[in-house]
Structures are given as C-alpha cells and as structure tokens.
Student: 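What follows is a structure written as structure tokens; I'll ask about it next.
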Amino acid sequence: MKTKTFYVTTPIYYPSAQLHIGHVYSTTIAWVLRNYKKLHGYKTKFLTGSDEHGQKIAISAAERQISPQQFVDNMADKFKKLWHDLEIDFDYFSRTTSKKHQKIVNNIFNQLLNSQNIYESYYQGLYSIADEEFLTKTQAKKINNEYYHPISGHKLANVKEDSYFLNLKKYQKWLDNYWYEHSDFVIPEKVVNELKNNFLSLGLDDLSITRTSFDWGIKVKDNSKHVIYVWLDALSNYISALGYSTSDDKDFRIFWEQGDEIVHVVGKEISRFHAIYWPIMLEALHLRKPTTIFAHGWLITKEGKMSKSKGNVISPYDLLKTFEPEVIKYYFASQIHHGDDGVFSYDLLKNVYNADLANNFGNLLSRATTLSEKHFKHGLKDFHASEQDQYIDKQTISEIITKSFEKYLEYFDRFQIDQALKVAIQLSKILNNYIEIKAPWSLTNDLQSLSNVLHNLFNGIYAIASMLQVVMPRKMALVQEILQVRSLDYALITDFYKFKNTQIIKLSSLFKRL
Ligand code: MSP
C-alpha cells in the first residue's frame, strides 16, 4: 500500500515587522498537525517562509535606508532563527525573492495569460498598502470622506494605474459549486458563511493582479513596467516550493498532484485569498485544489488585537525568557478554541502551565514513579486486570484509556487540536483521582494489587504522553525514558500488558512549578 502524504503550510509572513506570538500561534498549529500525521505514518512536508515583495516591504526598507533585498535577507534570517529557537522544524523555508520562485511565478502568469484568464486594463479604486488588498467602496469603511479597511482599520489609498486582471467572474459558478461539493474545504463553517455573505453573494469582481506605481516585485516578462500583485506572487509559493513547472518537480508530483492531503493553515483575515482566489488560480491552471483551508482566530490581549499603535504586541522572546519552547507551544495548541479568538496573557500562560503540566500531569508522574521505585525496584508484577479495577460508571481504567484515545483521534481528525489535547489532560485528572480513591500507599501489604494499580497508572501515562508528543516531543521523550519503552506508539496505547516486569525509572521533576 502506498504511504499516504500530508503537506501542510503556514502563511508566509511579511518581513515588514518582527514576528509576534500571533504568528507563532499559526506556525505552532501547522507544526502540530504535521507531527500528528507523521505519527500516523504519513510522509509529510511542512512549509513556512516569508512573503518578501510588495509596496509595504519597499516602504519599510526605504525607511531604514537599505535596499529591499538587504532588508528581506536580514528579516528572513530572523524568522528562521525564531523557528529554531522555538524548536519548530520545517522542510521548506519559502522565500518569494528566490530565483526559483520568481521563475515559477512568471511561468504561472504566462500560462494564465496564454489561456486567456488574464487581460490588460486599468484599475481605479481603493487599496490598502498595509494589507496589500484591493477594496471596493462598499467593502470599505467610510469616516469623514476617508476610506478605511473594514477589519484592520488601515487607511486606504486611491490607486489609478494600468493593470492586468485575472478573470474571476468566469469562475464564480465553478467556485460556488466547488464549495458546495466540498463542504469541508474551508473550516470552520463560520468563515465560509462570512465569505459567502461578504464576497460570493455580492458577485466576484475581476482581480487586479499587477501594479505599476512601484517596482519591488516580480516583473511581468515582456511588459516590465508591471510587477505582479503580491498575493498572486505569494499564493504561488505553495507550489513553487515543490518545484511546479520545473524539471525538478518530484515533490510537486508526490505531495501536490498525487498527494493525499494538503492543508493551508491561515488566520481568518486572509481566508478570502486562500478560499476564493487560490482555488480559482489553481482551476485556471488545471491543477488540483488543497484539501483544507484551516482558518483560525486571532490571539488577542485584553486591549484587543495586537497592534503597534495599541502597544500590545508580545514578542515570543519575552515568553522564552521564562518558559521552555514546548510549554509555549502547548499553550497555543491547547488553549485557543479552534476558530475563535483567544485571549493571551502572561498570567494565563503561567496558570495553565502550573495547572495542566506541573500540578496535574507532573504530579501524576511523580506519584506513580515514587511508588514503583519504592516497591518494584526489580520490575512490576504481571498485570491482573480485574473487576476491582472498575472505577467510575463501572468502567475500568483500560476502558477509560481506550475511549479517551478514540476521542482524541476524533477531535484531531476534525482539526480540533485544542479539544484533542484537553482529552489527554482530562485523562491525567482522572488518574490522579483514581490514585485518591485507590490509596495505593495503603496497599503495601498486597503487592499484587499495588502492582495492578501501577499498571493502570503507567498505561494511562503512556497514553497521555503519546497524545501530548505532537506538541511536546522533547518532554515526552523523557516520559518514554521513565516508562522504559522504545517509542510512544499510538498502536500500543491499548496494549495493556506492556509494563510486565518493567523497571520504571524516576527522573527529577519534568515540570517544575512556577
Ligand atoms: N504575507 C501574507 C500571507 C501570505 S500567504 C500566501 C500575510 N502575512 S502576515 O505577516 O501579515 O501574517 C498574517 C498571518 O499571521 C495571519 O494570517 C495569521 O496566520 C498570523 N497572525 C498574525 N497576527 C495574528 C494574531 N494576532 N493572532 C493569530 N494569528 C495572527 O498575511
């Protein structure tokens, strides 16, 4: 049987500013999804990168009095360093100023031009430089005769210039139908409804896809006064990284053309580009579409969405001063309900760390390992699962573990990562409670019973660690060492006899209370 493939991407971020914890949230989600699929035996690729063209970047470079290329080189290095510091590994770091990407974008543009999907005309209308987005007057917010972006609030410029257009109108029907037939193409559903109400139902306008008033971008071959619109340029990165339309297109064939699952993780404000323009571009190129556009909400602080003007932008480096990378990633993956905005504060991070990891799971580990070290230095006895092990609602611990794991898989497969991780923490809570009820310290004159309790606990710990390893691989490798097992394999979660004769070892506390 062919190994299944999974290709997941983050947005490629603008290097016009330093990355903050909102970007870290996006990247964490994509990374966790990659880890999950890898544990299921998929062949995976994970892409992140930087979106280096456009007017905004040109302005940022000019403000610093350096060339745009120097500016983006510098920033791209910083991005890579951040992912390294956060222990987020990737397969591609896509840069839109790379020679390869530029060549492929030209191929794409020409293909669209030759197939009459692009035509030359003239654009007159509103443009948000900060969002790199065209808006109509009805989409914009008007205050005192000035127009503003309805979501970001940025002031809009009036643009009048020659432009090439992508014929979106021609694809409106096709897109309606595509969405209808692929009801899981864009998740969550509220994003779909929002896009339907604000864009599709009003009828799509053709999209201006070149600019002529500045030159920091990929020039149209044969008409170099035009640079290609930064979004057409940027979206193409998802296939240019794979080598589309070049002689080195092996990854494109494996992970795109014949690939099984393709997921783009994006913040909700850019879902329109990914859910409307991108599939139309792909359709016009006769290429397959991604499986899922996974749109997520924003990380906000009590002051609201993070922005320079509010002064509430949080740098990941502030958090790294106190917290290990895995703890930060655990917070983002487990505490923000999929699709909703989530409030972040330093105190919340600290509280979740103490509650879930130090007091709950950490405590469970320490109680179980202390007992086994004291009474089973030479290994646990055989496991005699018995009626007495029944715990709540007449369920045995084994049954509770099995059901927890099933729920975890269900949640993950619906992209509800936060809910899935909560299942693991809930199981830890149940096991701590089981310890209270069984009072194993009172069983020291019945070692078989004590050993049974410990088998249950270690089976539970194994399950929890297997479930948490998608986000905390380093910490869970230590749990694996404690349990003296070769791997944390999903398939072994329900093998309840795996700890027979095992000499569990005790490590110093994995999660020190803060
Ligand atoms: N360059 C485009 C993306 C092109 S993808 C082909 C872009 N870049 S960006 O630097 O502005 O990054 C936006 C993305 O960063 C959002 O879509 C989201 O994934 C993430 N976030 C930025 N701020 C965020 C929050 N406050 N909260 C959560 N995610 C946020 O748009």
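Order of appearance sets the numbers: ligands from 1, and atoms from 1 within every ligand. Every value quoted in this text rests on a predicted model; they were computed, and no experiment measured them.
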Student: Out of S50, G54, G267, indicate the one that has the non-hydrogen atom closest to atom 17 (O) of ligand 1.
Tutor: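 Nearest heavy atom to atom 17 (O) of ligand 1 lies in G267.
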
Student: Please tell me whether Y346 and D318 have a donor and an acceptor in their side chains that are separated by less than 3.5 angstrom.
Tutor: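 Side chains of Y346 and D318: no pair found under 3.5 Å.
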
Student: So for A17, does at least one of its heavy atoms come nearer than 4.0 angstrom to any atom of ligand 1?
Tutor: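 Outside the 4.0 Å threshold, so no.
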
Student: Is there any N or O on I12 that sits under 3.5 Å from an N or O of ligand 1?
Tutor: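 Such a contact does occur with ligand 1.
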
Student: Among protein heavy atoms, which lies nearest atom 15 (O) of ligand 1, and at what distance?
Tutor: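 Protein heavy atom at minimum distance: H23 CD2, 3.2 Å.
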
Student: Using only atom types and a distance under 3.5 Å, with no angle test, would you say the side chain of H149 pairs donor to acceptor with the backbone of S152?
Tutor: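 Confirmed, H149 side chain pairs with S152 backbone.
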
Student: Considering heavy atoms of the protein only, find what lies nearest to atom 19 (O) of ligand 1 and give residue, atom and distance to 0.1 Å.
Tutor: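 It is S26 OG, 2.5 Å.
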
Student: Should H296 be listed as contacting ligand 1, given a heavy-atom distance under 4.0 Å as the test?
Tutor: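 It does, in that a heavy atom of H296 comes within the 4.0 Å cut-off of ligand 1.
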
Student: Touching ligand 1 at all, F273? Heavy atoms, strictly under 4.0 Å?
Tutor: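 F273 does not count as a contact of ligand 1 under the 4.0 Å cut-off.
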
Student: So if I apply the side chain to side chain donor-acceptor pair (under 3.5 Å) rule between Y127 and each of Q55, E132, E133, which one comes out positive?
Tutor: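 Only one option passes, and that is E132.
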
Student: Do any nitrogen or oxygen atoms of G22 lie less than 3.5 angstrom from nitrogen or oxygen atoms of ligand 1?
Tutor: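 Yes: some nitrogen or oxygen of G22 is under 3.5 Å from one in ligand 1.
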
Student: Within the 4.0 Å heavy-atom shell around D51, which atoms of ligand 1 are there?
Tutor: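 Near D51, meaning under 4.0 Å from one of its heavy atoms, ligand 1 has 1 (N), 2 (C), 4 (C).
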
Student: Flag this pair as yes if the NZ/CZ of K475 is under 6.0 angstrom from the six-membered ring centre of F511 and inside a 45 degree cone about the axis; otherwise no.
Tutor: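 So K475 does make the cation-pi contact.
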
Student: Where the closest heavy atom to atom 28 (C) of ligand 1 is concerned, which of I336, L299, V24 has it?
Tutor: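 Among I336, L299, V24, the closest heavy atom to atom 28 (C) of ligand 1 comes from L299.
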
Student: A234 heavy atoms, cut-off 4.0 Å: which ligand 1 atoms fall inside?
Tutor: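 Under 4.0 Å from A234, ligand 1 has these atoms: 6 (C).
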
Student: Do we see a donor-acceptor contact under 3.5 Å between the side chains of Y13 and T48?
Tutor: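 Looking only at side-chain atoms, T48 and Y13 do not form any donor-acceptor pair under 3.5 Å.
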
Student: Ring centres under 6.0 Å, that's the criterion: do Y331 and F344 meet it?
Tutor: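 For Y331 and F344, the ring centres are under 6.0 Å apart.
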
Student: Number the atoms of ligand 1 from 1 as they appear, then name those within less than 4.0 Å of a heavy atom of M306, with their elements.
Tutor: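 Within the 4.0 Å cut-off of M306, ligand 1 contributes 26 (N).
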
Student: Consider ligand 1: state whether an atom of it lies below 4.0 angstrom from any non-hydrogen atom of E132.
Tutor: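 For ligand 1, residue contact (heavy atoms, under 4.0 Å) with E132 is absent.
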
Student: Nearest 0.5 angstrom please: Y14 OH to S60 OG, how far?
Tutor: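 So the gap between those two atoms works out to 11.5 Å.
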
Student: Does the structure place the NZ or CZ of K289 under 6.0 Å from the centre of the six-membered ring of F185, at an angle of no more than 45° from the ring's axis?
Tutor: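 Geometry flag: not set, cation outside 6.0 Å or 45°.
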
Student: Kindly assign one of parallel, tilted or perpendicular to the pair H264 and W256, based on the angle between their ring planes and the thresholds 30° and 60°.
Tutor: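 Tilted, since the angle between the ring planes falls between 30° and 60°.
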
Student: I want to know if ligand 1 touches E269 in the polar sense, i.e. an N/O pair below 3.5 angstrom.
Tutor: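 Yes, E269 has an N/O under 3.5 Å of an N/O on ligand 1.
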
Student: Measure from the ring center of F294 to the ring center of H338 and say whether it is less than 6.0 Å.
Tutor: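 Yes, they do, as the ring centres are separated by less than 6.0 Å.
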
Student: Using 0.5 Å steps for rounding, measure from the NZ atom of K99 to the CD atom of Q102.
Tutor: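 Interatomic distance, K99 NZ to Q102 CD, rounded to 0.5 Å: 7.5 Å.
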
Student: Looking only at N/O atoms, are P11 and ligand 1 under 3.5 Å apart anywhere?
Tutor: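 No.
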
Student: To which of F332, Y13, Y238, Y14 does the heavy atom nearest atom 6 (C) of ligand 1 belong?
Tutor: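 Answer by nearest heavy atom: Y238.
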
Student: Closer than 4.0 Å to some heavy atom of G297 - which atoms of ligand 1 meet that?
Tutor: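 Per the distance check, 28 (C).
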
Student: Taking atom OG1 of T44 and atom NZ of K38, what is their separation to the nearest 0.5 Å?
Tutor: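 If I round to the nearest 0.5 Å, the distance is 4.5 Å.
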
Student: Give the residue and atom name of whichever protein heavy atom lies nearest to atom 23 (N) of ligand 1, and the separation in Å to one decimal.
Tutor: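 The closest heavy atom on the protein side is H20 CE1, 3.2 Å.
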
Student: Relative to the heavy atoms of W231, which atoms of ligand 1 are at a distance of less than 4.0 Å?
Tutor: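 So the answer, numbered in order with elements, is 2 (C), 3 (C), 4 (C), 5 (S), 6 (C).
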
